[in-house]
Amino acid sequence: MRDFHAAGLTSVIETVGGGVTDDDYKVLFESWRKNELTMRTALLIYTATAADGQRWIKHLPIGFGDEWLRVSGFGEQLVNAVQDNLAPSFPLKPEGLEEYRKFVTEAAKNRWPIQQHTTLGATAKAYLDIFEEVDRQYPIRDLRWSLAHVETISEADMRRVKRLGMGLTIQSRQVIQSELMKQAWGSDAAASAPPMKKMLELGLPVGAGTDATVVTPYHPFTTLWWMVTGKDWAGRVVRPNERLSREDALRVHTVGSAWFSSDEKIKGSIEPGKLADLVVLTDDYLSVPEDKIREISSVMTIVGGKVVHEKQ
């Protein structure tokens, strides 16, 4: 939490891509019970199978918690058998898709939000096929389901996302993995990964984050720098087609991200009626030279009206 505050963060959506057991959540809940949290956390529960999801649905009410720690749904990994990766393709077996259908049907039936790790366009299409089927039985439009990463999603599937009332979350994985993406998908596809301009043009809910700490740095200004400059860690322009303005990038990372935890009415901007969370920065994000954006950090971080970080 101290490191996050120094980087300029007051809230996170905590989601896990694998390897977590139920006991791994213990320290987070213990800190919450002791009123020791200074970082607001929307928690997405990791599951590996449909049975895992059923267990959580049975024993934990969605929305459990408060403004410091709240259970906000399942994600980013739901069923291991259909979890894709950064590769040219990923085989989706019928038995895996059937288990996935069972999982998301129960999530929709019980009104649980989900966020699904989705690297490849082909898996995005397969997930959306199932979501549309489930939606006919248990409407999901107001559940804020989302796909994460979506570096190679098609425009046609973005339109399907919009019809379902879903959103897309973008992470700065390309900062570190630019060469791997070129090798997997070719230079042309990697140069538009992910297609954020089209997402915004279509009016989709879009949020931005890091996918930290295994895949990328957790610093939010690294992500903002990447969205604005289109550069990877070495300073190479690897995303020339999808650069955003500083204002659009900031909007996506703040109030845009708040949509995914249903917090846009209390987080994401500084205005009356919202939580007293803000940061005082080392530089002016809107005017500092582009390549200096990633060097920005916090001079002072305030959460709930209290100073939780102050640079000495």
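On a predicted model such as this, the values are computed, not experimentally measured, just so you know.
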Next on the checklist: What I'd like to find out is whether the side chain of V12 reaches to under 4.5 Å of the side chain of F4, using heavy atoms alone.
Outcome noted: yes
Checklist entry - Do F260 and L250 belong together in a cluster built from hydrophobic side chains that touch within less than 4.5 Å? => result no
Next on the checklist: Please find the pair of heavy atoms, one from R246 and one from V288, that lie closest to each other, and give the distance.
Outcome noted: NH1-O, 2.6 Å
Next on the checklist: Using every non-hydrogen atom in the two residues, find where V161 and I153 come nearest and quote the distance to one decimal.
Outcome noted: CG2-CD1, 4.4 Å
Item to check | Closest contact, heavy atoms only, A124 versus D157 | outcome: C-OD2, 4.4 Å
Checklist outcome for this item: The side-chain hydrogen bond (donor to acceptor under 3.5 Å, both in side chains) partners of T47 (sequence neighbours excluded) come to none
Checklist entry - Side-chain donor-acceptor pair under 3.5 Å between S154 and K125, yes or no? => result no
Next on the checklist: Check for me, please, whether L278 and L9 land in the same ILVMFWY cluster - side-chain distances under 4.5 Å, paths through other members count.
Outcome noted: no
Checklist entry - What residues form a salt bridge (Lys or Arg N to Asp or Glu O under 4.0 Å) with K102, not counting sequence neighbours? => result none
Checklist entry - Is the shortest heavy-atom distance from the side chain of D84 to the side chain of T119 under 4.5 Å? => result yes
Checklist outcome for this item: Closest heavy-atom pair, G75 versus L78, reported as atoms and distance to 0.1 Å, is N-CD2, 3.8 Å
Checklist outcome for this item: Contacts satisfying salt bridge (Lys or Arg N to Asp or Glu O under 4.0 Å) that involve residues 301-312 (not counting sequence neighbours) are none
Next on the checklist: Whether the side chain of D24 engages the backbone of V20 through a donor-acceptor N/O pair (distance < 3.5 Å, no angle test) should be reported.
Outcome noted: no
Next on the checklist: For E14, give me all partners under salt bridge (Lys or Arg N to Asp or Glu O under 4.0 Å), at least two apart in sequence or on another chain.
Outcome noted: none
Could you pull out all donor-acceptor pairs under 3.5 Å where a side-chain atom in residues 184-197 meets a protein atom, sequence neighbours excluded?
| unit_1 | atom_1 | unit_2 | atom_2 | d |
| --- | --- | --- | --- | --- |
| W185 | NE1 | A87 | O | 3.1 |
| S192 | OG | N241 | ND2 | 3.0 |

Item to check | ring-ring contact (aromatic ring centres under 6.0 Å, His included) pairs, two or more places apart, involving residues 87-121 | outcome: F74-F103, F74-W112, Y100-Y127, H117-H149
Checklist entry - Among the clusters formed by ILVMFWY side chains lying less than 4.5 Å apart, do L202 and V150 turn up in the same one? => result yes
Checklist entry - Should H5 and V303 count as side-chain neighbours, where that means a heavy-atom distance under 4.5 Å? => result yes
Checklist entry - Heavy-atom distance under 4.5 Å between the side chains of R160 and D129, does that happen here? => result yes
Checklist entry - If you measure from OG on S31 to CE on M39, what distance do you get to the nearest 0.5 Å? => result 12.5 Å
Next on the checklist: Taking ring pair (Phe, Tyr, Trp, His ring centres under 6.0 Å) as the definition, give me every residue that meets it alongside Y285, ordered by chain and number, with sequence neighbours left out.
Outcome noted: none
Item to check | Test item: E95 and E98 side chains (from C-beta on) under 4.5 Å apart, heavy atoms | outcome: no
Item to check | Contacts of E264 that satisfy salt bridge (Lys or Arg N to Asp or Glu O under 4.0 Å) - sequence neighbours left out | outcome: R144
Item to check | Rounded distance [0.5 Å steps], CG in L86 versus CG in L180 | outcome: 6.0 Å
Which pairs of donor and acceptor atoms, one on a side chain in residues 214-224, lie under 3.5 Å apart (sequence neighbours left out)?
| unit_1 | atom_1 | unit_2 | atom_2 | d |
| --- | --- | --- | --- | --- |
| T216 | OG1 | T210 | O | 2.1 |
| T223 | OG1 | S172 | OG | 2.9 |
| T223 | OG1 | G209 | O | 3.4 |

Item to check | Qualifying residue for side-chain contact (heavy atoms from CB on, under 4.5 Å) with L44, from I13, V71, V16 | outcome: I13
Next on the checklist: Classify the ring geometry of F64 against F29: parallel below 30°, tilted from 30° to 60°, perpendicular beyond 60°.
Outcome noted: tilted
Checklist outcome for this item: Heavy-atom nearest pair, A126 first then L92, reads CB-CD1, 3.5 Å
Item to check | Cluster check L286, M227: I/L/V/M/F/W/Y, side chain < 4.5 angstrom | outcome: yes
Checklist entry - Can K292 and D283 be said to form a side-chain contact (heavy atoms from CB on, under 4.5 Å), step by step? => result CA-CA 9 Å; K292 293 290 185 180; D283 289 288; 6.0 Å; no
Next on the checklist: Please list all pairs meeting ring-ring contact (aromatic ring centres under 6.0 Å, His included) that have one or both residues in residues 225-251, counting only residues at least two apart or in different chains.
Outcome noted: none
Checklist entry - What are the two closest heavy atoms between I140 and A108, and how far apart are they? => result CG2-CB, 3.9 Å
Checklist entry - Does the distance from a Lys or Arg side-chain N to an Asp or Glu carboxylate O, for K231 and E290, drop under 4.0 Å? => result no
Next on the checklist: Measuring only between side-chain heavy atoms, which start at C-beta, is L275 closer than 4.5 Å to T10?
Outcome noted: no
Checklist entry - Can you tell if the side chain of V308 reaches within under 4.5 Å of the side chain of M1, non-hydrogen atoms only? => result no
Item to check | Partners meeting salt bridge (Lys or Arg N to Asp or Glu O under 4.0 Å) with D142 (sequence neighbours left out) | outcome: R111
Item to check | side-chain contact (heavy atoms from CB on, under 4.5 Å) evaluation trace for D22 with W56 | outcome: CA-CA 10 Å; D22 293 357; W56 283 103; 3.6 Å; yes
Next on the checklist: Could you check whether R136 pairs with E132 (Lys NZ or Arg NE/NH1/NH2 to Asp/Glu carboxylate O, under 4.0 Å)?
Outcome noted: no
Checklist entry - Roughly how far, to the nearest 0.5 Å, is the CG atom of L28 from the CG atom of L37? => result 6.0 Å
Checklist outcome for this item: In short, salt bridge (Lys or Arg N to Asp or Glu O under 4.0 Å) pairs touching residues 57-81 with sequence neighbours left out are R40-E67, R70-D263
Item to check | Single-linkage hydrophobic cluster, 4.5 Å side-chain cutoff, Y46 and L60 together | outcome: yes
Next on the checklist: I'd like to know if E271 pairs up with K274 as an ion pair, taking the criterion as any Lys NZ or Arg NE/NH1/NH2 lying under 4.0 Å from an Asp or Glu carboxylate oxygen.
Outcome noted: yes
Next on the checklist: Determine whether T169 and T15 satisfy the following criterion, side-chain contact (heavy atoms from CB on, under 4.5 Å), listing intermediate values before the conclusion.
Outcome noted: CA-CA 12 Å; T169 68; T15 177; over 6 Å; no
Item to check | E30 and R33 ion-paired at < 4.0 Å | outcome: no
Checklist entry - Side chains of T229 and R294: do they bring a donor and an acceptor to under 3.5 Å? => result no
